Structures are given as C-alpha cells and as structure tokens.
Amino acid sequence: MGIGFFGEIPFPRTHFTLLQKKISIIDVSGLFLHMRPLPLLLTAALISSLPVSARAQQGSHGHGNHHMHHSSPIPAVPSKENVHAAHQHDIGPAGETYDLRYIDAMVKHHEGALLMSEFVFDIGSPGVGALANEIWDDQANEIKAMGQWRKAWYPEAPIYPVAYLPGGDPNSMNGLTRMSAKQIAAMQMIDSTPTKKTRVTWFLEGMLHHHGAALMMAHDALKKSTNPTILGLSRNIVVAQSGEIFQIRRMLQFDGLNKPEYHNYDSLFAW
C-alpha cells in the first residue's frame, strides 16, 4: 500500500468504509468543518474539573465574544514531557503561511493517531477498541477536511508537507522547507511497537500524550491564526481531545494506573 500525502493517506481498506458511512463533515462550498459536540454530561464534568481561572476564561467565550486574541495556556508544571512536546510540535511564527504549516503538521500528527489506533481495534474491555475506532474515524475525517482546505487555500504549495524554515519569512513560500522524515516522526509520535500483551497500556498512555501535543498545537493556532475555519477546527480539537483524555485516564485507572504525568495537560482543557 503506497503512502503519499493528501489524497493518498494510508487509510486501511477495512476502515475506509467507516469513513464513507459517517455523515460528511465538509461543506465544499464553504469548506467548513462541522464540529461534533461532546455529550452534555462529559462537557459539564470537563468544565467543572478545571481550575477556577480556567473556568472563568472558558466563560468569557460563551457570550458572543468573538475576538481572536488568545493567549496559549502553559501547563502549570513545565515538565520535561511538556517542553519536549512543545519543541517537537513548533509550527513557527504567525504569518501568511501559518495555516499551511498548521495543516501539514496536524495532518501528520493525526496520521500518527490512526496508526496507533489500529493496534487495538479488536480490544473489547474496557472500551479501548471502541475509543480507538472513534479516534480513527474522527481524525480521518479531519485529515480529509484539511486536505481540501489546503488545495483551496494554497494551490501554489508543493505537494509534500512543509515546515517553517528557521529565520525564513513566515509570509512567503520561500520561508518554508520540506518536512523532514525526523519532523514527520516527531509529529506522529510513534517511537515504539507494542506487543499483544502491552498494546493496551501502550495505546492509552501514548494517545494521552499524543492528544496533549494536539492541544498545544491547537492553542498555538488559536493564538496565531485568523482563519475562522482553522480556529473552529482548533477549538473542536481542544474540546474533543480533552474529553478523550478524561476517558483515557478512566481506562488507565481501570488497570490501576494513575500517574502524575497523566495530568500534564489539564491547563490546556479550555481556550
């Protein structure tokens, strides 16, 4: 099976049918991503668990406040994992090419989630397989959406994924470079292969940190992008993946695991 970039994402045949069955999230005329809301109880639990300052910040966006001047929250404890993830997922400064860089980075990041999910599709308890299938479907749809936006907004961009060239002009294609294999691997965040015995914990812990990195990237976009579609996608990522982190932590607790590092990204649960 060939692996290319947009249009040739490695969707397994067995799961591409799932993608076709889902309601389309693309309004081609406006290229708008319809965001799937979290269940009300989960959303309430998510917000109630936030620090007071974070809940106040969340509330400030609930009454018609559409100003796009966001400040990216920083995890309360800047652990080595946080610092490393932030460095590996740096998209570069704001500018006319920011949305292109964000799309390419997020697509590669999402591809990593697809590959990780496929290791546990057949796991039944405690709902790990169902979560993996849900993550696969949602992120495959977002990959498809981002591919369409890229073609519409940046027809002059190279077909390969790009990244910011340090010191380059963030407003010019000349300020970009081809994303290296090392950069792609850092975005995908798959640095090991599990065994059948270890795959559940490998998936849950890996996906928790994978989602944490996505939250960092989403907050970066909320601070630097002015594109309403990118902002909408980023807000959806914050809400949906924060909720999934809650689910993952409950599943890990089912196996008696509750490490402090599982809470590294709590301050990123609101925008």
Side-chain angles (χ1 to χ4, degrees), residues 1-26 33 35-39 41-42 45-46 81 85 106-147 184-215 236-237 239-259 261-265:
M1 175 177 61
I3 298 178
F5 197 50
F6 299 104
E8 298 180 30
I9 300 301
F11 296 161
R13 288 176 179 266
T14 54
H15 289 279
F16 188 72
T17 54
L18 295 175
L19 180 61
Q20 292 174 315
K21 290 178 182 178
K22 291 181 74 71
I23 297 174
S24 174
I25 61 170
I26 305 299
L33 178 70
M35 296 177 288
R36 186 185 68 180
L38 264 65
L41 290 177
L42 179 56
L46 183 63
E81 291 84 0
M106 192 61 80
V107 164
K108 289 302 173 188
H109 190 71
H110 277 17
E111 285 180 13
L114 302 190
L115 295 171
M116 291 171 66
S117 297
E118 290 167 8
F119 281 99
V120 292
F121 275 160
D122 61 335
I123 299 293
S125 178
V128 174
L131 174 63
N133 274 276
E134 184 175 320
I135 289 172
W136 198 101
D137 287 352
D138 290 344
Q139 298 205 18
N141 269 312
E142 289 179 359
I143 287 173
K144 182 179 178 181
M146 287 187 282
I184 291 172
M187 286 295 171
Q188 292 181 337
M189 295 180 66
I190 303 176
D191 56 4
S192 64
T193 301
T195 65
K196 190 169 184 177
K197 183 177 180 180
T198 64
R199 59 180 171 157
V200 170
T201 301
W202 176 89
F203 169 75
L204 292 174
E205 290 190 335
M207 191 59 70
L208 189 152
H209 293 298
H210 200 275
H211 277 6
L215 296 185
N236 189 50
I237 287 172
V239 174
Q241 298 198 19
S242 295
E244 287 172 354
I245 287 176
F246 270 70
Q247 289 181 266
I248 289 169
R249 289 201 301 224
R250 285 197 298 269
M251 291 176 181
L252 286 165
Q253 286 178 349
F254 184 84
D255 288 332
L257 297 173
N258 186 15
K259 302 176 183 177
E261 67 191 54
Y262 296 166
H263 298 269
N264 283 350
Y265 311 102

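Numbering starts at 1 and runs along the sequence shown. None of these values were measured; they are calculated from a predicted model.
Looking at heavy atoms from C-beta onward, H210 lies out of side-chain contact with H110 at the 4.5 angstrom threshold. No side-chain heavy atom of V200 sits under 4.5 Å from any side-chain heavy atom of F254. Residues H211 and Y265 fail the side-chain proximity criterion, which asks for heavy atoms closer than 4.5 Å. Counting heavy atoms from C-beta outward, T193 and F119 have side chains that approach closer than 4.5 Å. The shortest side-chain heavy-atom distance between M187 and M106 does not fall under the 4.5 Å cut-off.
L204 and L252 get closest at one heavy-atom pair: CB-CD2, 3.7 Å. Annotation for I245 and G212: closest pair CD1-N, 4.2 Å, computed over non-hydrogen atoms. Considering every non-hydrogen atom in both S117 and M207, the closest pair reads OG-CE, 3.9 Å. In terms of heavy atoms, L114 sits closest to A140 at CD2-N, 3.9 Å. Of all heavy-atom pairs spanning I190 and G112, the tightest one is CD1-O, 3.5 Å. Here the shortest heavy-atom pairing between M251 and G127 reads CE-O, 3.5 Å.
In this model, no donor atom of one side chain and acceptor atom of the other lie less than 3.5 Å apart for H109 and Q188. Remark: the T198 side chain and the T195 side chain contain an N/O donor-acceptor pair separated by less than 3.5 Å.
Rounded to the nearest 0.5 Å, atoms CD (E142) and CG (N236) are 6.0 Å apart. Put simply, OH on Y262 and CZ on F246 are 15.5 Å apart, with the number rounded to the nearest 0.5 Å. Of the inter-residue distances, the one linking E205 atom CD with K259 atom NZ reads 3.5 Å to the nearest 0.5 angstrom. Going from atom CG of L208 over to atom CD of Q247 covers 11.5 Å, rounded to the nearest 0.5 Å. Atom-to-atom distance recorded for I135:CD1 and M116:CE is 8.5 Å, nearest 0.5 angstrom.
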Start with the C-alpha gap between D138 and E244, add the side-chain angles, then the distance that decides, and say whether side-chain contact (heavy atoms from CB on, under 4.5 Å) holds. CA-CA 12 Å; D138 290 344; E244 287 172 354; 4.3 Å; yes
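D122 and K196 are not joined by a salt bridge, as no carboxylate oxygen comes within less than 4.0 angstrom of a charged side-chain nitrogen.
A distance-only check finds no donor-acceptor pair linking the side chain of R249 to the backbone of N258 [under 3.5 Å]. Counting only distance, with no hydrogens or angles, the side chain of R199 and the backbone of P194 share no donor-acceptor pair below 3.5 Å.
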